[in-house]
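Single-structure report; data block below.
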Amino acid sequence: MEKPSLPKGTRDFGPVVMAKRQFILDSIKKVFQKYGFQPLETPTMENLTTLTGKYGEEGDQLLFKILNSGDFLKDVDLQKLNSRDSRLITHSISEKGLRYDLTVPFARYVVMNRHEIALPFKRYQIQPVWRADRPQKGRYREFYQCDADVVGTDSLICEAEIILMIKEVFKSLKISDYTVKVNHRGVLSGLAEIVGAKEKETALFIAIDKLDKIGEEKVKEELRSKGFDDKSLDVVFEILNKEGSTATKIELLTNSFSTSEKGKKGIADLSAVFQSVKDYGVSEDHVEFDISLARGLSYYTGCIFEVKINNVAIGSVSGGGRYDNLTQAFGAKERLSGVGISFGVDRLFDAMEELKLFPEETQVSSMVLITHFDSESQRYGLKVLQTLRNNNIAAEIYPDPIKIQKQLDYANKKMIPYVIVIGSEEMKSGLLAFKNMKTGEQTKIGIEDILNTLK
RNA sequence: GUGGAUGUAGUUCAGUUGGUUAGAAUGCUAGAUUGUGAUUCUGGAGGUCGCGGGUUCGAGCCCCGUCAUUCACCCCA
């Protein structure tokens, strides 16, 4: 007999974990709805052509591909098959793949349904995604993303609202020590332009993105190996090391980027976004303009966001940005700009678990368990149970006539906070033994009083 | 894809230079208690020591392989 097991990087979520996950999911969903986003779900699998080429070369390798049904080898070119190079035959044996994120399926949906979508279109989407990555801490092969995107407007108010939503989500999750890092692709391009490294842009971005992780010296080392000379490194780090408030940084960088159109646009956008946040009457706490923030996904073109929880060794728990050309990849003729944010539930979960931030109530299933000494009192309890439920109180009765210890033990394990004990005395007097499982306190009161306590 | 670490009851871990029948804590379970749980006491179940091979009179321990888990790199939620 084979021992059962799970595929690498996947997990079961038992009731205790689910209660906590629901708490996170509900908090995020509520915020999305409050900001006017509407739900969307897309299929687990997409045509491979929809997915490939959207995430860069690395991303394509991380796609889970689905083997064609039926006799999938029948029409494969024999020569390619014999070459034993699987890359040559992938496209002929697999035409579907599991979704890698929620943004690309969303873009596909928008293009396919353009005629019935009212622009600007705001949708949220909460579904699992799959990546054929090697799992490690905070990295899974199956995980949930919670996305909210707006397409069909260039307005920077959307960027500001993304910041507001992040702040609301973290507030309702009671995560207080976090940083929303904001940057702009234009600022990064400007930086590359200034040092005359337009064609080495990507190498520059990848290197400086690691700044807070590996430090200035290591980044310089990496850049030197990519062919950057000391003079341009000085220029780059003079800009990266600018200190001060967001406003100060913006002011200083306006001068630095006076020769770069892209850089100027980036600074202007960022400045407008921060101004909007102020206009909403929201403080800039937790929000930081970070010039070294790059983010990998190649489709971003404007503002980019990333959220880190401080003092927890886990990657970013949320990220997003603006993308101008995503729908064009699907043949859309009109230019549709989109901007969005994605929360990683699994990492939020890990971080909150580590910080012990889950409220105890999230684990409560039923509020009340009705226990009984015999089948007669159990029968009496059914009416009581129904009364509780009619008053919208989650309640259950122990289904078997067993000793009271077992029943109380069950309440303990399920973390049910209150127990009603019914026996001959209770049936005679109509006053029920009402026990608080946490304090051990027990009183004999009528059902009306019980309802009042629980409401 | 590259490199490192770890695999022993359900779980967390002990296990001496290789030596008879592999232990603890916790959890599970039954009772002490015929109307009361989480703190008490007593009993019980539970392990092909990841798997395969090798060295040896003898392997949980040493060697090789393999699988799984995990951490880091790359990249990312």
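Since the model is a prediction, treat every value here as computed from it, not as a measurement. Chain letters run A, B, ... following the sequence lines, proteins first, then strands; residues in each count from 1.
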Looking at [Y] and [X], is any side-chain nitrogen of the basic one under 4.0 Å from a carboxylate oxygen of the acidic one?
X: A:E222; Y: A:K210; answer: yes
X: A:E425; Y: A:K444; answer: yes
X: A:E216; Y: A:K220; answer: yes
X: A:R11; Y: A:D346; answer: yes
X: A:K356; Y: A:E354; answer: no
X: A:K30; Y: A:D26; answer: no

[atom1] of [X] versus [atom2] of [N]: gap in Å, rounded?
X: A:Q442; N: B:U36; atom1: CD; atom2: C1'; answer: 7 Å
X: A:F305; N: B:A77; atom1: CZ; atom2: C1'; answer: 16 Å
X: A:I206; N: B:C76; atom1: CD1; atom2: C1'; answer: 12 Å
X: A:D12; N: B:G10; atom1: CG; atom2: P; answer: 18 Å
X: A:R11; N: B:A68; atom1: CZ; atom2: P; answer: 18 Å
X: A:D374; N: B:U36; atom1: CG; atom2: C1'; answer: 15 Å
X: A:Y140; N: B:U70; atom1: OH; atom2: C1'; answer: 12 Å
X: A:Y299; N: B:A77; atom1: OH; atom2: C1'; answer: 11 Å

Please write out each protein N/O paired with an N/O of nucleotides 3-6 of chain B under 3.5 Å, distance rounded to 0.1 Å.
| from | atom 1 | to | atom 2 | distance (Å) |
| --- | --- | --- | --- | --- |
| B:G3 | O6 | A:R134 | NH1 | 3.4 |

Between [M] and [N] - [atom1] atom distance, rounded Å:
N: B:U16; M: B:G52; atom1: C1'; result: 28 Å
N: B:C73; M: B:A77; atom1: P; result: 16 Å
N: B:U56; M: B:C63; atom1: C1'; result: 12 Å
N: B:U29; M: B:A45; atom1: P; result: 16 Å
N: B:A25; M: B:G44; atom1: P; result: 14 Å
N: B:U2; M: B:G58; atom1: C1'; result: 41 Å
N: B:C62; M: B:G7; atom1: P; result: 10 Å
N: B:A68; M: B:C76; atom1: C1'; result: 24 Å

Students often get this wrong, so: under 4.0 angstrom with heavy atoms, is [X] touching a base, only sugar-phosphate, or nothing?
X: A:S316; value: sugar-phosphate
X: A:G59; value: nothing
X: A:K308; value: nothing
X: A:Q145; value: sugar-phosphate
X: A:I314; value: nothing

Original post:
If we ignore angles and hydrogens, is there a donor and acceptor under 3.5 Å between the side chains of A:E396 and A:S366?
Top reply: yes
**OP:** With the side chain of A:N412 defined as its heavy atoms from C-beta on, choose the nearest nucleotide among B:A38, B:U69, B:A72.
**Re:** B:A38
Original post:
Of the nucleotides B:A38, B:C74, B:C28, which has the atom closest to the A:K413 side chain?
Top reply: B:C28
Original post:
Got a donor-acceptor contact below 3.5 angstrom from the A:K54 side chain to the A:T52 backbone?
Top reply: yes
Original post:
Under the 3.5 angstrom rule, does the side chain of A:D229 hit a backbone N or O of A:S232 as a donor-acceptor pair?
Top reply: yes
Original post:
Under the salt bridge (charged side-chain N to carboxylate O under 4.0 Å, His left out) rule, what pairs show up with a residue in residues 150-165 of chain A, not counting sequence neighbours?
Top reply: A:K122-A:E161, A:D154-A:R335, A:E159-A:R322
Original post:
Which pairs, with at least one residue in residues 36-50 of chain A and sequence neighbours excluded, count as a salt bridge (charged side-chain N to carboxylate O under 4.0 Å, His left out)?
Top reply: A:E46-A:R108
Original post:
Under a 4.0 Å heavy-atom cut-off, which of residues 418-428 of chain A touch RNA chain B?
Top reply: A:V421, A:G423, A:S424, A:E425, A:E426
**OP:** Output the residues of residues 398-410 of chain A in contact with RNA chain B, where contact means a heavy atom of the residue under 4.0 Å from an atom of the strand; sort by number or write none.
**Re:** A:I404, A:Q405, A:K406, A:L408, A:D409
**OP:** For A:E201, check salt bridge (charged side-chain N to carboxylate O under 4.0 Å, His left out) against everything at least two apart and list the hits.
**Re:** none
Original post:
Got a sec, which residues hit ring pair (Phe, Tyr, Trp, His ring centres under 6.0 Å) with A:Y418, two or more places apart in sequence or on another chain?
Top reply: A:F434
Subject >> Contact letters for nucleotides 39-45 of chain B, in which S counts primed atoms plus P, OP1 and OP2 and B counts the base, heavy atoms under 4.0 Å >> reply: -------
**OP:** Can you spot which of A:T371, A:L369, A:L388 makes a side-chain contact (heavy atoms from CB on, under 4.5 Å) with A:I420?
**Re:** A:L388
Subject >> Set of residues satisfying side-chain contact (heavy atoms from CB on, under 4.5 Å) with respect to A:Q378, sequence neighbours excluded >> reply: A:H372, A:I397
**OP:** State which residues pass side-chain contact (heavy atoms from CB on, under 4.5 Å) with A:Q145; sequence neighbours excluded, sorted by chain then number.
**Re:** A:D101, A:L102, A:V129, A:R131, A:F143, A:D147, A:S342
**OP:** Test for a donor-acceptor pair under 3.5 Å between the base of B:C76 and the side chain of A:R347, counting only N and O atoms.
**Re:** yes
Subject >> Output field: ring centroids A:F349/A:F358 closer than 6.0 Å >> reply: yes
Original post:
In what stems does RNA chain B take part, counting only runs of at least 3 consecutive Watson-Crick or G-U pairs whose two distances fall under 3.5 Å?
Top reply: B:1-7 with B:67-73, B:10-13 with B:23-26, B:28-32 with B:40-44, B:50-54 with B:62-66
Subject >> For A:S283, side-chain hydrogen bond (donor to acceptor under 3.5 Å, both in side chains) partners two or more places apart >> reply: A:K167, A:D285
Subject >> Position toward the 5' end of RNA chain B (nearest nucleotide), A:K435 or A:K213 >> reply: A:K435
Original post:
Distance check: side-chain N/O of A:Q136 vs OP1/OP2 of B:A72, anything under 4.0 Å?
Top reply: yes
Original post:
Would you say B:U70 has OP1 or OP2 under 4.0 Å from some side-chain N or O of A:K137?
Top reply: no
Original post:
Has A:R141 got its NZ or CZ under 6.0 Å from the middle of the six-membered ring of A:F64, at an angle within 45 degrees of the ring axis?
Top reply: no
